[in-house]
There are 2 protein chains.
Amino acid sequence: MNTLFKALSHPVRRRIVAMLRSGPLASGDIAAAFDMSWPTITGHLNALKEAGLVSPERDGQTIRYRLEISAVEEAMAFLMDIAGTGKPSPIPTTKTEGSRG
Amino acid sequence: MNTLFKALSHPVRRRIVAMLRSGPLASGDIAAAFDMSWPTITGHLNALKEAGLVSPERDGQTIRYRLEISAVEEAMAFLMDIAGTGKPSPIPTTKTEGSRG
DNA sequence: TCCCTAATTAGGAATATTCCTAATTGCAAG
DNA sequence: CTTGCAATTAGGAATATTCCTAATTAGGGA
């Protein structure tokens with residue numbers, strides 16, 4: 001949940017997610033769409049993978065990344081709950097989150 | 001859009017948003033729900049305000065924060081587009097986003 | 001094996017975030 | 001005006017993010 005919204009908080013990562021809407025793409029093809037180095041894009045892809053938003057599939061030398069709709073739906077579920085479009089839940093009491101380090 | 005997802009990327013801010021689901025709350029009441037200093041919470045409230053997710057209303061000495069559902073819906077719209085629940089849009093070409101400082 | 005292409009990992013600099021304490025602002029009441 | 005409470009702003013330290021170049025891993029073909 002944390003990594004999910006954190007992954008979506010960067011414009012480049014949101015754009016990658018949007019690109020994958022129409023189907024899986026190779027790492028290199030994604031990197032080519034940006035004015036950034038390939039390793040930087042790899043870093044963003046790792047963040048998206050960590051969040052469960054994409055999954056890599058190797059095919060020979062190329063690695064294709066596929067969008068994981070379920071993770072997008074998970075984020076949507078949170079927002080729907082907030083917006084009242086879904087079933088309401090009591091005010092959260094999760095004190096576990098206020099940490100530093 | 002940027003500030004919106006960035007605001008939602010922090011667990012404390014998401015928890016504040018969830019708290020406001022049931023109605024406006026005073027800054028002090030929000031701060032009291034966390035193991036953090038009041039100024040820290042003020043900072044988070046400023047981030048949420050910047051993102052359009054909350055709006056402050058002064059009433060005497062207290063300032064109450066109200067949840068702005070429209071901002072939540074804006075974030076939801078993005079995710080629905082990604083998930084294919086909404087109308088599809090072409091692959092974004094917004095090159096404006098890949099910058100550094 | 002050796003070489004080429006695809007992609008990732010490693011290390012580090014610039015920048016941004018997060019959180020604290022101290023000082024300040026804004027409002028109400030005596 | 002002074003006091004007191006509610007809340008914010010200011011300044012700064014610890015930490016995290018972002019992005020780069022250089023080095024490395026992994027697979028395919030001669």
Side-chain angles (χ1 to χ4, degrees), chain A residues 1-17 19-20 24-51 53-67 94-101, chain B residues 1-17 19-20 24-51 53-67 94-101:
Chain A
M1 191 68 171
N2 226 327
T3 53
L4 182 50
F5 276 101
K6 215 150 201 178
L8 290 168
S9 77
H10 196 285
V12 166
R13 289 192 293 261
R14 281 199 305 278
R15 194 139 81 82
I16 291 174
V17 163
M19 284 174 72
L20 297 179
L25 286 175
S27 179
D29 288 343
I30 297 169
F34 293 87
D35 284 340
M36 321 182 85
S37 73
W38 192 341
T40 292
I41 298 301
T42 293
H44 285 305
L45 287 170
N46 279 341
L48 291 169
K49 185 176 63 178
E50 183 76 21
L53 275 162
V54 305
S55 55
E57 305 170 5
R58 181 173 276 272
D59 175 24
Q61 311 186 49
T62 80
I63 296 180
R64 260 187 295 277
Y65 283 85
R66 171 186 306 278
L67 178 63
T94 322
K95 272 277 201 178
T96 325
E97 300 192 308
S99 66
R100 240 245 283 180
Chain B
M1 190 69 172
N2 225 328
T3 53
L4 181 51
F5 275 101
K6 215 150 201 178
L8 290 168
S9 77
H10 196 284
V12 166
R13 289 193 293 263
R14 280 199 305 278
R15 192 138 83 81
I16 291 174
V17 163
M19 284 172 74
L20 297 179
L25 286 174
S27 178
D29 289 343
I30 297 169
F34 293 86
D35 285 341
M36 320 183 86
S37 74
W38 192 341
T40 293
I41 298 301
T42 293
H44 285 307
L45 287 170
N46 279 340
L48 290 168
K49 186 176 62 177
E50 183 76 22
L53 274 162
V54 306
S55 56
E57 305 169 6
R58 181 174 277 273
D59 175 24
Q61 312 185 49
T62 79
I63 296 179
R64 260 187 296 277
Y65 283 84
R66 171 187 304 280
L67 179 62
T94 322
K95 272 280 199 176
T96 324
E97 301 192 309
S99 67
R100 236 246 282 184

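Residue numbers begin at 1 in each chain, while the letters A, B, ... track the order of the sequences.
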Here the distance between atom C1' of C/dC20 and atom CZ of B/F34, to the nearest Å, is 17 Å
Heavy-atom closest pair (B/S9 atom, A/N2 atom, distance to 0.1 Å) is O-OD1, 3.9 Å
Practice prompt. Take B/L53 and B/L8, measure what side-chain contact (heavy atoms from CB on, under 4.5 Å) needs, and give me the verdict at the end.
Written response: CA-CA 9 Å; B/L53 274 162; B/L8 290 168; 4.0 Å; yes
Kindly indicate, with the supporting measurements, whether the criterion side-chain contact (heavy atoms from CB on, under 4.5 Å) is fulfilled by A/R15 and A/F34. CA-CA 10 Å; A/R15 194 139 81 82; A/F34 293 87; 3.2 Å; yes
A/H10 atom NE2 is separated from C/dT15 atom C1', nearest whole Å, by 12 Å
In whole angstroms, the gap separating P of C/dA16 from CZ of B/F5 amounts to 22 Å
For B/A7 and B/A51 the tightest heavy-atom approach is CB-CB, 3.6 Å
Atom CD of A/E50 and atom C1' of D/dA16 are separated, to the nearest Å, by 15 Å
Taken to the nearest whole Å, CZ/B/R14 to P/C/dT18 is 11 Å
- Message: Using OP1 and OP2 only, check whether a side-chain N or O of B/H44 sits under 4.0 Å from C/dT17.
- Response: no
Taken to the nearest whole Å, CZ/B/R13 to P/C/dC19 is 8 Å
Minimal heavy-atom distance between A/K6 and A/R13, with the atoms involved, is O-NH2, 3.1 Å
note: B/K6, atom NZ; D/dT17, atom P; distance rounded to Å ~ 11 Å
Going 5' to 3' through nucleotides 5-11 of chain C and flagging B where a protein heavy-atom sits under 4.0 Å of the base, S where only the sugar-phosphate is that close, and - otherwise, we get BSBBB--
D/dC19 phosphate, OP1 or OP2, under 4.0 Å from A/S37 side-chain N/O: no
Closest heavy-atom pair, A/M19 versus A/A33, reported as atoms and distance to 0.1 Å, is CE-CB, 3.7 Å
